[in-house]
Amino acid sequence: MVEVNGNFYNLKKNYLFVEIEKKVNEYVSKNPNADIIRLGIGDVTLPLCPVIIEAMHDAVDEMAKKETFKGYGPHEGYKFLREAIADYYKKYNVSISSDEIFVSDGAKSDVSGILDIFSSNGNVLIPDPAYPVYVDAAVMSGRNIVYINADESNNFLPLPDYNIEAGIIHLCSPNNPTGAVYSREQLKQWVDYAKKNKAVILFDAAYESFIEDENLPHSIFEIEGAKECAIEFCSFSKNAGFTGVRCGYAVVPKELEINGQSIRDLWARRQSTKFNGASYITQRAAFVALSNEGQEQINKSIEYYKENTKILSKVFSELGIWSIGGKNSPYLWIKCPNNMTSWEFFDYLLEKLNIVGTPGSGFGKNGEGFLRLSAFGSHESTAKAVERLKTIKF
């Protein structure tokens with residue numbers, strides 16, 4: 001008789017953002033005229049850049065002609081896109097071969113799917129708070145999770161503890177949810193730890209394009225030795241606005257081996273079975289997004305969102321409410337005032353100001369007492385939110 005994978009019983013009942021949406025819908029049903037400003041989910045609001053739209057139209061036209069029609073593409077991604085991604089890394093003095101790059105439909109799929117090729121023995125080390133997908137994917141596959149504390153004492157950037165043994169290490173920089181960014185020196189400590197413990201770092205760089213401090217690394221492969229112990233995941237979702245288009249990639253270096261087995265080759269084998277490849281139209285759009293013209297237009301969108309972080313950061317500073325993130329990240333991590341819990345502050349903002357944030361407790365134990373705000377709204381809605389925030393009274 002078939003049985004359910006028992007690990008699924010260990011998941012939280014609802015995914016965090018499903019729970020948020022349920023609460024918002026309940027409030028709106030009772031207050032249908034409420035002018036809700038959503039600064040919770042990190043979904044972009046600007047349209048795709050003109051050069052990207054043009055490339056997608058051209059790709060659609062190709063699909064309409066027999067001589068340029070594309071059927072199944074390579075599961076690892078078309079070579080033209082993989083070579084463009086490799087060229088992108090050169091901006092940060094990182095040499096990556098195109099056959100170490102695997103195009104996908106987004107970082108979430110890769111971050112969870114990569115666990116397929118590793119034994120479930122050993123610990124998965126996850127900073128707390130963390131992006132829920134890291135935790136849920138580990139739970140679904142029956143792995144033992146060990147949390148490392150990220151809190152005010154370390155500016156939400158925990159460093160290795162050699163008393164903890166781990167096989168898999170999740171790191172995210174710029175961090176979701178806190179917006180904190182690791183320095184080169186800090187990442188070198190993690191690389192050294194991983195090599196000593198024969199562990200693998202799963203490095204989520206989905207927000208690297210928001211880094212403006214030239215001293216901060218955009219890729220873990222800027223760190224010496226990282227190619228021997230790390231896999232990097234990135235996405236076009238937040239930089240190019242592909243949340244509704246779906247495209248990302250994983251970089252699996254050839255130097256990464258376990259007991260003489262190439263992890264790159266195992267990932268290629270896994271993808272060839274479980275993934276049919278991102279669409280040709282999407283990959284053409286991603287290719288143009290990496291062009292000089294594409295980068296110029298994308299950077300204007302990124303600067304637009306950064307303006308939102310600046311005015312949000314300013315209002316919390318004026319209110320005397322502690323926060324981090326913002327400068328090198330599209331997220332602000334705010335300490336709830338008056339010792340409010342995360343959900344209490346969420347409810348206050350929703351009911352009193354009609355602003356939706358994301359309760360920090362949904363990201364882990366150390367997220368309790370904090371709330372995440374996203375800068376991906378419009379200038380108009382963010383400015384309106386700021387005016388409402390100025391009226392906070394406790």
Query raised in the report: Between Lys227 and Glu100, is a salt bridge (charged side-chain N to carboxylate O under 4.0 Å, His left out) present by the stated rule, with each step listed?
Result: CA-CA 11 Å; Lys227 288 185 178 180; Glu100 296 173 306; 5.3 Å; no
When rounded to the nearest 0.5 Å, the distance separating CD1 of Ile36 from CG of Asn354 is 4.0 Å
Asn175 side chain to Tyr331 side chain, donor-acceptor N/O pair below 3.5 angstrom: no
| Test log, rule salt bridge (charged side-chain N to carboxylate O under 4.0 Å, His left out), inputs Lys390 and Glu387 | CA-CA 5 Å; Lys390 289 178 180 178; Glu387 291 306 309; 3.3 Å; yes
Open item on the list: Treating Ser313 as the side-chain partner and Thr309 as the backbone partner, does any N or O pair qualify as donor plus acceptor under 3.5 Å?
Closed with: yes
Taking the side chain as every heavy atom from C-beta outward, state whether Pro132 and Phe363 have any pair of such atoms under 4.5 Å apart. yes
For Cys234 and Ala205, the nearest pair of non-hydrogen atoms, with its separation, is SG-O, 3.2 Å
query = Could you go step by step and tell me if Asp35 and Arg388 meet the side-chain contact (heavy atoms from CB on, under 4.5 Å) rule?
reply = CA-CA 12 Å; Asp35 180 16; Arg388 293 181 188 178; 3.0 Å; yes
Would you say Ser374's side chain and Gly40's backbone share a donor-acceptor pair under 3.5 angstrom?
no
Fill in: Residue Lys91 excluded, over 12 heavy atoms near NZ under 6.0 Å
yes
Does Phe69 offer a backbone N or O that forms a donor-acceptor pair with the side chain of Tyr280 under 3.5 Å? no
Sequence neighbours excluded, the answer for ring pair (Phe, Tyr, Trp, His ring centres under 6.0 Å) partners of Tyr162 is Tyr193
Exercise. Begin from the C-alpha positions of Val200 and Ile258 and carry the test side-chain contact (heavy atoms from CB on, under 4.5 Å) through to its verdict.
Key: CA-CA 9 Å; Val200 175; Ile258 296 179; 4.2 Å; yes
*asked:* Hydrogens and angles aside, do Asp151 and Asn366 bring a side-chain donor and acceptor to less than 3.5 Å of each other?
replied: no
So side chain to side chain donor-acceptor pair (under 3.5 Å) across residues 114-137, not counting sequence neighbours, yields Asp116-Arg270, Asp116-Lys274, Ser119-Asn121, Asn123-Asn144, Tyr134-Asp204
*Dump the intermediate steps for salt bridge (charged side-chain N to carboxylate O under 4.0 Å, His left out) on Asp192 and Lys195, then the final yes or no.*
CA-CA 5 Å; Asp192 291 344; Lys195 293 177 72 173; 6.0 Å; no
When Tyr249, Trp267, Phe233 are each screened for side chain to side chain contact (heavy atoms under 4.5 Å, CB included) with Phe102, the one that passes is Trp267
d(His75 NE2, Arg269 CZ) to nearest 0.5 Å is 9.0 Å
(Q) Counting C-beta onward and ignoring hydrogens, is there a side-chain heavy-atom pair between Lys365 and Pro129 closer than 4.5 Å? (A) no
Inset, instruction - Report the C-alpha separation of Lys254 and Asp99 in whole Å, then their side-chain angles, then the decisive distance to 0.1 Å, and conclude whether the salt bridge (charged side-chain N to carboxylate O under 4.0 Å, His left out) test is met. - result: CA-CA 9 Å; Lys254 294 174 184 175; Asp99 61 359; 2.9 Å; yes
Checking the side chain of Glu293 only, and the main-chain atoms of Val51 only, is there a donor and an acceptor separated by less than 3.5 Å? no
What one should report as the nearest heavy-atom pair of Gly326 and Leu332 is CA-CD1, 3.8 Å
Grouping ILVMFWY residues whenever side-chain heavy atoms fall under 4.5 Å, the cluster of Tyr72 otherwise contains none
Quick one: does any side-chain atom of Thr382 pair with a main-chain N or O of Asn308 as donor and acceptor, under 3.5 Å? no
The ring pair (Phe, Tyr, Trp, His ring centres under 6.0 Å) partners of Phe287 (sequence neighbours excluded) come to Phe80
Item to check | Lys/Arg-Asp/Glu bridge criterion (N-O < 4.0 Å) met for Lys310, Glu303 | outcome: no
Heavy atoms, side chains only, cut-off 4.5 Å: are Ser219 and Glu208 in contact? no
Residues passing the ring pair (Phe, Tyr, Trp, His ring centres under 6.0 Å) test with Phe275, sequence neighbours excluded, are none
Please answer whether the main-chain N or O of Leu159 pairs with a side-chain N or O of Asn154 as donor and acceptor at a distance below 3.5 Å. no
Heavy atoms, side chains only, cut-off 4.5 Å: are Leu202 and Leu115 in contact?
yes
| field | Donor-acceptor contact below 3.5 Å, side chain Tyr305 vs main chain Thr45 | value | yes
### Lys23 atom NZ, neighbour heavy-atom count above 12 within 6.0 Å
yes
- request: Please tell me if the side chains of Leu256 and Ile231 come closer than 4.5 Å, counting only heavy atoms from C-beta onward.
  value: yes
dist Leu389:CG -> Ile321:CD1 (nearest 0.5 Å) comes out at 8.0 Å
Side-chain (Lys238) to main-chain (Gly42) donor-acceptor, under 3.5 angstrom: yes
Contacts of Tyr88 meeting ring pair (Phe, Tyr, Trp, His ring centres under 6.0 Å) (sequence neighbours excluded), chain-then-number -> Tyr92
task: Measure from the side-chain N and O atoms of Arg82 to the backbone N and O of Gly77, and report whether any donor-acceptor pair falls under 3.5 Å.
output: yes
Would you say Met56 and Val245 make side-chain contact, with heavy atoms under 4.5 Å?
yes
Short side-chain to backbone donor-acceptor contact, Glu307 and His379, under 3.5 Å: no
Value for SG (Cys49) from CD (Glu54), rounded to nearest 0.5 Å, stands at 12.5 Å
- Message: Looking only at the aromatic ring of each residue, does the gap between the centers of Phe156 and Phe370 stay below 6.0 angstrom?
- Response: yes
| message | Testing the 3.5 Å rule here: is there a donor-acceptor pair between the side chains of Ser262 and Arg264? | response | no
